[in-house]
**Student:** 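Quick one: this structure, given as structure tokens, is what I'll be asking you about.
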Number of protein chains: 2
Amino acid sequence: MSVEDRKMKVLQAIVDDYVTTNEPVGSKSLIERHNFPVSSATLRNDMAELEKMGLIEKPHTSAGRIPSDRGYREYVDSLMTVDQLTEAEREDISKRIDTTIFEARDLLKNASAALSETTGLVSLVMTPRLAGSSLLQLKILMIEPGKALVVMVLSAGVVKDKVVRIPNFLTPEQLKEISDSVEKSLNGKPLDEITLVTLATSVKETKIPDSLLNQVLYETYTAIKQADKLDVFLEGEHNMLKLPDFSELKRAQSLLGTLSHDGMVAGYVNEIEKEKTGGDDTYMIRIGQEIALEGLEDCSFITTTYKIGDTISGNIGVIGPKRMDYSKVISQIDFVRYKINEQIKNING
Amino acid sequence: MSVEDRKMKVLQAIVDDYVTTNEPVGSKSLIERHNFPVSSATLRNDMAELEKMGLIEKPHTSAGRIPSDRGYREYVDSLMTVDQLTEAEREDISKRIDTTIFEARDLLKNASAALSETTGLVSLVMTPRLAGSSLLQLKILMIEPGKALVVMVLSAGVVKDKVVRIPNFLTPEQLKEISDSVEKSLNGKPLDEITLVTLATSVKETKIPDSLLNQVLYETYTAIKQADKLDVFLEGEHNMLKLPDFSELKRAQSLLGTLSHDGMVAGYVNEIEKEKTGGDDTYMIRIGQEIALEGLEDCSFITTTYKIGDTISGNIGVIGPKRMDYSKVISQIDFVRYKINEQIKNING
DNA sequence: TATTAGCACTCTTGGCTTCTGAGTGCCAAA
DNA sequence: TTTGGCACTCAGAAGCCAAGAGTGCTAATA
């Protein structure tokens, strides 16, 4: 084994040990726990070099080493081995997923809960990105005078709806006329290509007075626009309090404070998703300082993609301390993702 | 002022002081802050008696006194004066409430956020209790073969829907036939009086084969039953970490752990709502040990009722430390409740 | 009887010191 | 390049002490 190889083994050992013990790891305990065929003095030299390379660091002079953000990065990119879950672990996750759920949103919530429970971390699920999916049906139903329900069916059978205000004296027949023309002309159009103008042209031939028409169109438009809004479910925030990493109240405060702004988190996940290079089944991992959200400096994000049909996708993942068992967590996310995909196929098939 | 009266004044002063300072309050500082026309020794005697009565207690021998649960109860029931919010405070809350929201659920979420921000505590909003409200419309819309949307309009214009599975080869016409008969016969019926049998009799006269019919009926039934499910929104859990009352990690852990089970919290609120004696605009206050939820021994619940129309109601309130400014919080809840009621009237009117 | 001054006693809190042990860096030898 | 050895560092635990806030009790007083 070359010296370089050994240094990497040392880094790997440091990460592994630190993740399990949460104690800075020193040369002596490293020798004890792993069977390096060299002395502690040699490891000390290696560690000094790893530190020079910026992969590990000391909390203070006379302490052991902990991985730096770059150290974790190296570990995740090159050293870590992701192994399969055991049958029991798979079984455990499967049990938590309710196979009777028939609506995507509920399914995602359920999966999120399952993920947070099995990892003991914060789980994160983004609702599907629908902007690019197309409108297959659109119905405007009269609820009562002045109030209607816009129901949209999108690609892959996703259903969205919204209650809207309409002119009081619009009759059900008029509404149906509008609804039918809009549906006819928008059918198959991607959501993000629909504009107020598209809508207006679609009803040119109806005989309903413009003043009435306009409000209905505008409300319908907002309903369509709202349909592709991204929601995020965060679950298990309280798990973070159990971790020694957040036993300092201030850290916990700032972490949970930030996580409470789910819009910000959603925005961030969406952001990094755009920068993603690999395929749908790869992982986005963001470590420590790489995360551009206040209060998450000591955290890592791991997210991946689930799919609804061929085109629609969303994200699922976890937020945990930098010091987490990346390998295990990744395989857990992977299995949950697999379950989601499977069940969605089930629903749509 | 009689001796008894003074003792109550002393209790009141102790609660007030303790709420603001979070320090056990002693006889001397009591004299300093309030102008009791007696000496500290007299107050010491009074305090000894209040302690005998179980209204205050000592954390340890040589500390000041803090209110006991019963002390808070006495304070809340008889001593506290609830005063109006200032114009600025009202203004602040009003600003946080988005008046463009048109759907009850969103409105409630928004109000919940507003309440949590202004109180700095955890806000709690229950979705409306719909079990007793009646079904005004019911439509089953075909989404794609095998999949339909059940849309229900309830009293006061509340809309609920659910995607359900239907037999693959059921035609839109058949579905419409079922939908129409069901709607016709259920029209005006309270949700909780609808059973599978009611549904079955409503479609007796259709010519659709039973095998097809049964699945649709069953799914419709589950949709109706699911419509009156109570949800609860908790917001601002992270605020609790800022309070000195939960600076001990263990308390914070167990509190947030329990709050993460929102089903349990919802169940509990529903429970105490049933026991409620006063009118709709009264407050339910539960203090410390009175709360039958693990981890909330140091908390108080304050809830009240908002209304949708004349019959439908739900709860809104906060969860905070026992040591909170009851008077202020109550007036804040009250104002948010007022805003909700007002805006719902707006929507429905 | 209700109130008050005085006093001895209690207990937490915060500051200080000391001690211990794990860990480091470096040097000289193998 | 590796190793044994050694002096040095520093966080954290343990122990100690003094200060301060508060109490209960007693005896005197209105």
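Here is the naming used below: chain letters follow the sequence lines, and residue numbers restart at 1 for every chain. Hydrogens, waters and symmetry mates are skipped; everything else that's a heavy atom, side chains included, is used.
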**Student:** Looking at C/dA5, D/dA11, D/dG22, which one has an atom nearest to any side-chain atom of A/His60?
**Tutor:** D/dA11

**Student:** So for atom CD, which belongs to B/Glu275, do other residues, nucleotides or ligands contribute more than 12 heavy atoms lying within a distance under 6.0 Å?
**Tutor:**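 Check passes, neighbour count above 12.
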
**Student:** Indicate, with a heavy-atom threshold strictly under 4.0 Å, whether B/Ser29 touches base, sugar-phosphate, or nothing.
**Tutor:** sugar-phosphate

**Student:** Among A/Arg65, A/Lys7, A/Arg6, find the one that has a salt bridge (charged side-chain N to carboxylate O under 4.0 Å, His left out) with A/Glu49.
**Tutor:** A/Lys7

**Student:** Any N or O donor-acceptor pair linking the side chain of A/Ser62 to the base of D/dT9 at under 3.5 Å?
**Tutor:**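 Result: at least one qualifying N/O pair found.
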
**Student:** Angle class for the A/Phe301/A/Tyr268 ring planes (parallel below 30°, perpendicular above 60°, tilted otherwise)?
**Tutor:** perpendicular

**Student:** To the nearest Å, give me how far apart NZ (A/Lys52) and C1' (C/dG25) are.
**Tutor:** 11 Å

**Student:** Within the supplied structure, the quantity of interest is the number of heavy atoms (other residues, nucleotides, ligands) at a distance under 6.0 Å from B/Lys276 NZ; does it exceed 12?
**Tutor:**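 Buried by this count: over 12 neighbours within 6.0 Å.
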
**Student:** Which listed nucleotide (C/dT3, D/dG4, D/dT9) is nearest to the side chain of B/Arg6?
**Tutor:**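 Per side-chain heavy atoms of B/Arg6, the pick is C/dT3.
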
**Student:** Report the distance from atom CG of A/Asp46 to atom C1' of D/dT3, rounded to the nearest whole Å.
**Tutor:**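 So the CG-C1' distance, A/Asp46 to D/dT3, works out to 13 Å.
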
**Student:** Heavy atoms only, 4.0 Å cut-off, all strands: where does A/Ala41 land among base, sugar-phosphate and nothing?
**Tutor:**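 If one applies the 4.0 Å heavy-atom cut-off, A/Ala41 turns out to touch a base.
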
**Student:** Does the pair A/Lys9/A/Asp5 count as a salt bridge with the N-to-O cut at 4.0 Å?
**Tutor:** no

**Student:** For B/Val3 and for A/Met47, find the nucleotide of DNA chain C with the closest heavy atom, then tell me which residue's nucleotide is more 5'.
**Tutor:** B/Val3

**Student:** Round to a whole Å and report the spacing from OH of A/Tyr18 to P of C/dG23.
**Tutor:** 14 Å

**Student:** Strictly below 4.0 Å: does A/Thr61 bring a side-chain N or O up to OP1 or OP2 of D/dC8?
**Tutor:**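 It does not, given that no N or O in the side chain of A/Thr61 lies less than 4.0 Å from OP1 or OP2 of D/dC8.
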
**Student:** Using a strict cut-off of less than 4.0 Å between a Lys/Arg side-chain nitrogen and an Asp/Glu carboxylate oxygen, indicate whether B/Asp245 and B/Arg251 qualify as a salt bridge.
**Tutor:** no

**Student:** Could you tell me if A/Glu89 and A/Thr86 have a donor-acceptor pair between their side chains, going purely by distance under 3.5 Å?
**Tutor:** yes

**Student:** Determine: side-chain N/O of A/Ser39 to OP1/OP2 of D/dT3, distance under 4.0 Å, yes or no.
**Tutor:** yes

**Student:** What is the separation between atom CD on A/Glu49 and atom C1' on C/dT24, rounded to the nearest whole Å?
**Tutor:** 16 Å

**Student:** How close or far is atom C1' of C/dT1 from atom CD of B/Glu4, stated in whole angstroms?
**Tutor:** 14 Å

**Student:** Whole angstrom is fine here: how far is it from CD in B/Glu23 over to C1' in D/dA21?
**Tutor:**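 That distance rounds to 10 Å.
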
**Student:** Round to a whole Å and report the spacing from CZ of B/Phe36 to P of C/dT4.
**Tutor:** 13 Å

**Student:** Between C/dT3, C/dT24, D/dG24, which nucleotide gets closest to the side-chain atoms of B/Asn45?
**Tutor:** C/dT3

**Student:** Compare the minimum distances between each of D/dT3, D/dT23, C/dG25 and the side chain of A/Arg65, then state the nucleotide with the smallest one.
**Tutor:** C/dG25

**Student:** Expressed as a whole number of angstroms, how long is the span from A/Ile31:CD1 to C/dA22:P?
**Tutor:**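 Answer to the nearest Å: 16 Å.
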
**Student:** Considering only side-chain heavy atoms of B/Glu51, which listed nucleotide, C/dG23, D/dG24, D/dT2, is closest?
**Tutor:** D/dG24

**Student:** Classify the side chain of B/Arg44 versus the base of C/dG6 as yes if they form a donor-acceptor pair under 3.5 Å and no if they do not.
**Tutor:**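 Present.
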
**Student:** Side chain of A/Lys58: nearest nucleotide among D/dT2, D/dC10, C/dT24?
**Tutor:** C/dT24

**Student:** Base, sugar-phosphate alone, or nothing: which one does A/Ser40 contact when heavy atoms must sit under 4.0 Å apart?
**Tutor:** nothing

**Student:** For the helix from C/dT1-D/dA30 to C/dA30-D/dT1, measure the angle between the helix axis at one end and the axis at the other, each built from five pairs, rounding to 10°.
**Tutor:** 20°

**Student:** Do you see a donor-acceptor pair shorter than 3.5 Å between the side chains of A/Asp17 and A/His34?
**Tutor:** yes

